[in-house]
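Input: a single structure, listed below in structure tokens.
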Amino acid sequence: MGKLLLTVIRRDLLLAYRRRADVLTTLFFFVIVVSLFPLGVGPEMKTLRLIAPGVVWVAALLASMLSLQRLFAADYQDGTLEQMLLAPQPLAVIVLGKIIAHWMVSGLPLALMAPLLGLQFDLPPEALLVLFAALLLGTPVLSLIGAIGAALTLGVRGGGVLLSLLVLPLYIPALIFGAGAVEAYIAGVSPEGHLSLLAALLIFSGLATPWVTALALRIAME
Amino acid sequence: MAINLFKFSSPATFYPVAGKLIPVFYGLAAILTVIGLYLSFFVAPTDATQGEVYRIIFIHVPAAWMSMFIYLVMAGWAGLGLILNTRLSSMMAQALAPTGAMFTFVALVTGAFWGKLAWGTWWDWDARMTSELILLFLYIGYMSLTAAIDDVRRADKAGAILALVGAVNVPIIYFSVKWWNTLHQGASVSLIRAPSMAKTMLLGMLVMALAAWMYSIAVALSRARLIMLEREKNSAWVQDVLEKKS
């Protein structure tokens, strides 16, 4: 089981490494969206500090959503996915491996980049740390929940826009607790409660979504 | 009994049964609406604090109840279709979605009017309002997904998974919004009224809710009948039905 998981992760990471441009596009999308807000809102640091957590989180939501289609699309097109469904190994584990790999190339870079973007919004250093921790806990939730949407819209007409319609409402709890953690810290309250809830979301979605995604994939490939 | 129930899960058997049931439910809905509106406008007393404005509650609350209830029923039918592979269950789920979305929309609009008159604001990021808005998004997502997939069986099953995931998510979303809201601004407006609600008010509301319920059943059955005809257009029983009509 563990070996299967590692094999799938290694394979997907290798594939992603061979197509580095794709990974960087998502990251730069995130950077550009976050950088646009001060231009739209105005350079007043007091306002910026206030909206920073929400802006970074919404941008992370959009960026992770954009990269979701890549999760199964390539394997679907070249027939690999069909082989995965036929394989004797449990599909949910393969799916989990793919999700973890997807997070490592799409979610993790966002979390690593976020503190730098937080500086643009004049967040204090400790708040940057909280932002980083919240994104570290929250972005895997986005990948996990998003995987269901990606599997449901596989090969469907207008899949990209449809995917966002399905997945964004389900992202709301992660957004609330993720941005809430940083806001709580800035307001002088301990962010621990928010981070715990994010961790709870992560555990729950980590347990449930691989199975649901596997089911959705079987339906898509029928 | 079990055999009996499965007999009606065949569209060919259910089509004429639904056809007979629809007028009954429409009739019940009409009668209950008349009684409910009479109770709400002539019997129920004027509210001490809000005046006549509060009477929007007789539309607003039943619509809000139905919006949530229909989502659960829809997810239930969709799940049943997924597990038992019964065609009719999935058709019922699809037939319910537009009605549920309509009630969600009505609840939001009437709520906005009521809010404007009672609190002086069209919209407040209160937990209930926000969840209702997100419920509308979930309905829209379900309808868009099932509409986008051409293969009917796949559309049913994909829609079922989405509806079930949504049903699991609704309470999570509700509580996250609730905590988020209390953190932000505290309870600026409370929807909880004084417990001493006049009995006639409550009665009017319940009768209106029943009317909305009957209407939902009637309209969902009519829509399900159309879906049956469309999906099974190549089968013998549909040809029979159409021949009888023409």
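Worth knowing before you read on, the calculation uses all heavy atoms, side chains too, and leaves out hydrogens, waters and symmetry mates. Sequence lines set the chain letters: A, B, ... in the order given, protein chains first and strands last, and positions in each chain run from 1.
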- Message: Using a 6.0 Å cut-off, check whether atom CH2 of B:Trp123 has over 12 heavy atoms from anything other than its own residue.
- Response: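 Counting neighbours around CH2 of B:Trp123, more than 12 heavy atoms of other residues, nucleotides or ligands fall under 6.0 Å, so yes.
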- Mind checking the CG-CG spacing from A:Leu166 to B:Leu145? Nearest 0.5 Å is all I need.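 One finds 5.0 Å between CG of A:Leu166 and CG of B:Leu145.
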- Distance in Å, A:Leu165 CG paired with B:Leu162 CG, rounded so as to fall on 0.5 Å steps: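 Here the rounded value is 9.5 Å.
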Least distance between heavy atoms, [X] atom then [Y] atom:
| X | Y | value |
| --- | --- | --- |
| B:Asn169 | A:Pro173 | OD1-CG, 4.2 Å |
| B:Ser176 | A:Ile176 | O-CG2, 3.7 Å |
| B:Ala148 | A:Leu162 | CB-CD2, 3.7 Å |
| B:Ile173 | A:Pro169 | CD1-O, 3.7 Å |

Is chain B contacted by the side chain of [X], its backbone, both, or neither, given a heavy-atom distance below 4.5 Å?
| X | answer |
| --- | --- |
| A:Leu170 | both |
| A:Leu197 | side chain |
| A:Leu201 | side chain |
| A:Ala208 | neither |
| A:Leu154 | both |
| A:Thr153 | both |

- Specify which of A:Ile172, A:Leu175, A:Leu152 makes the most heavy-atom pairs with chain B at under 4.5 Å.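 Highest number of heavy-atom pairs under 4.5 Å: A:Leu152.
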- Item | Structural part of B:Val168 lying under 4.5 Å from a heavy atom of chain A |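 Contact with chain A is through the side chain of B:Val168 alone.
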With a 4.5 Å limit on heavy-atom distance, are the side chains of [X] and [Y] in contact?
| X | Y | result |
| --- | --- | --- |
| A:Val156 | B:Arg154 | yes |
| B:Ile149 | A:Arg157 | no |
| A:Leu168 | B:Phe137 | no |

